[in-house]
Amino acid sequence: MSKDYYAELGVARDADAETIKRAFRRKARECHPDVSDAPDAEECFKRLNEAYDVLSDPAKRDQYDRYGRVSGSGPGGAGNGNPYVDFGDIFGGGVSFDLGDLFSSFFGGVAGARGGRAVRPEGRDMSIGLTITLEEAARGVTKTITLDRLAPCPECKATGSVSGAPPATCTKCGGSGQVVGYQQTLLGPMQTRQTCPDCGGLGTTTADACEECQGSGRVIDRQQVEVEIPAGIAEGQKIRMKEMGEAGIRGAASGDLLITIGVARHERFERNGADLHVRLPISLAEAGIGATKLIDGLLEPVSVAVPAGKQTGETIRVKRAGLPIVGKPEALGDLHCHLEIIVPKKMSERAHELLRELSAEFGDDETSDADELRKQSFGDKVKDFFHGAN
Ligand SMILES: [Zn+2]
Ligand SMILES: [Zn+2]
């Protein structure tokens, strides 16, 4: 006899994934054995879990829709690990946090309650991205991030019990989180291992469950975390904050918080490791005779000595005007200035006069010979001219 999983969750047959997820959370609140006094709460939750297991998995749902049953589904079956609370649910960016997530976390989720495996009580690592500016990456910065995490319950000091009593070993499963059951198969009764209904697979129970955390020992809390970002950090590098991830169940070890750093593109500077690249426009005259330019560096002014006779596209390296390197306190990258000779669109009569004179000096009119042009670069000519004029 096939079961109606859609009716179990109270959703239409064409319900989308989000609707199914929400229906599961809502129903879970009604028949979670820890909060419901109904005598059939456990059984109810088991059925709900089985229905959700199938309908939340596209492949299983498809199989169920076609044949009215799914092979190997449900508790004791060969369910594959379906992630439970995903990171999006935890961070979400919003204040609202559905209790349903708490329940699924408490149980170790659908995955944990399936296949008769014991539930891992330790909290998971959490990931978050954080984008900083190139200046911040160069200088190092302390950022405060706000995140919603499953934190140790302050009410019960993470024990899950009102009296603060440490969790007791589950008497039903002896702490293994699993119980042995029998299933009728074509080959006769078969022994199966199922998740313990009393402890949800945790192996421990609380006598007087804390209302704040529903006995799980952890609650969703909006927390501010100070992140120290070292100078020189690169795009994609991760900062690990110990035990700032998801709290464990009833005082078990917390996971870590992993912050992946993104560095925003800068409008003037290109970064290549610890080196910086920047355009450096210079005038015709500066190209000819050289110049010392004071430019805006990333963090402070940088003096760039431009030797005479440089061409557009040539680069000048300013040592140690780049970025620091994480873990190498003395190391600094370089600044590469890419020269660009700018020909003015507008110029004074005097400037025109000088350029005409310059052109005559170069013998531009006579030098139609390409070999002659190649012999002496324009920069050299400009240099010669200005040095001669002094
Ligand atoms: Zn509590
Ligand atoms: Zn148990």
Side-chain angles (χ1 to χ4, degrees), residues 24-25 27-36 40-54 56-57 60 72-86 89-90 99-125 150 152-153 156 158-161 165-183 190-210 213-219 245-255:
F24 173 73
R25 288 179 190 160
K27 289 260 179 181
R29 275 203 290 281
E30 288 163 19
C31 68
H32 182 291
D34 270 8
V35 291
S36 172
D40 65 341
E42 278 173 15
E43 199 48 47
C44 163
F45 191 82
K46 223 184 276 175
R47 286 198 310 270
L48 186 64
N49 212 16
E50 190 185 332
Y52 184 62
D53 175 21
V54 171
S56 62
D57 180 326
K60 284 185 188 171
S73 73
N80 55 354
N82 195 28
Y84 48 117
V85 187
D86 56 31
D89 279 342
I90 290 168
L99 263 180
D101 286 322
L102 213 61
F103 288 130
S104 49
S105 299
F106 171 74
F107 267 102
V110 186
R114 206 193 295 153
R117 278 187 296 269
V119 171
R120 206 181 83 112
E122 292 83 21
R124 293 163 305 170
D125 290 345
L150 278 166
C153 174
C156 62
T159 57
S161 147
T169 303
C170 173
T171 49
K172 182 146 188 136
C173 64
S176 70
Q178 299 166 351
V179 288
V180 172
Y182 289 92
Q183 216 173 27
M190 250 177 68
Q191 196 178 319
T192 59
R193 292 196 304 173
Q194 298 185 341
T195 301
C196 174
D198 278 18
C199 64
L202 284 171
T204 57
T205 53
T206 45
D208 46 354
C210 165
C213 62
Q214 313 283 344
S216 71
R218 57 187 188 179
V219 287
E246 185 186 272
I249 295 167
R250 291 176 196 151
S254 294

Closest non-hydrogen atom pair, T205 against C199: CG2-CB, 3.9 Å
Mind checking the OG1-CG spacing from T171 to D198? Nearest 0.5 Å is all I need. 6.0 Å
Give a yes or no on whether the backbone of A158 and the side-chain of R218 come within a donor-acceptor separation of less than 3.5 Å. no
Distance, nearest 0.5 Å, that separates CG of L202 from CZ of R250: 5.5 Å
Does E246 use its side chain to pair, donor to acceptor, with the backbone of G123 at less than 3.5 Å? no
Please find the pair of heavy atoms, one from C156 and one from G217, that lie closest to each other, and give the distance. SG-CA, 4.2 Å
Could you give the distance from CD (Q194) to SG (C173), rounded to the nearest 0.5 Å? 12.5 Å
Under the side-chain hydrogen bond (donor to acceptor under 3.5 Å, both in side chains) test, residues paired with S254 that sit two or more places apart: none
Not counting sequence neighbours, which residues clear side-chain contact (heavy atoms from CB on, under 4.5 Å) with A165? List them please. S161, S163
Residues Y182, M190; criterion side chain to side chain contact (heavy atoms under 4.5 Å, CB included); working and verdict: CA-CA 5 Å; Y182 289 92; M190 250 177 68; over 6 Å; no
All heavy atoms of T204 vs all of P167, minimum pair found to be CB-CB, 3.8 Å
What pairs with C44 under side-chain contact (heavy atoms from CB on, under 4.5 Å), at least two apart in sequence or on another chain? C31, R47
Closest approach of T159 to T206 (non-hydrogen atoms, all atoms of both residues): O-CG2, 3.6 Å
Quick one: does K172's side chain get under 4.5 Å of P197's, heavy atoms only? yes
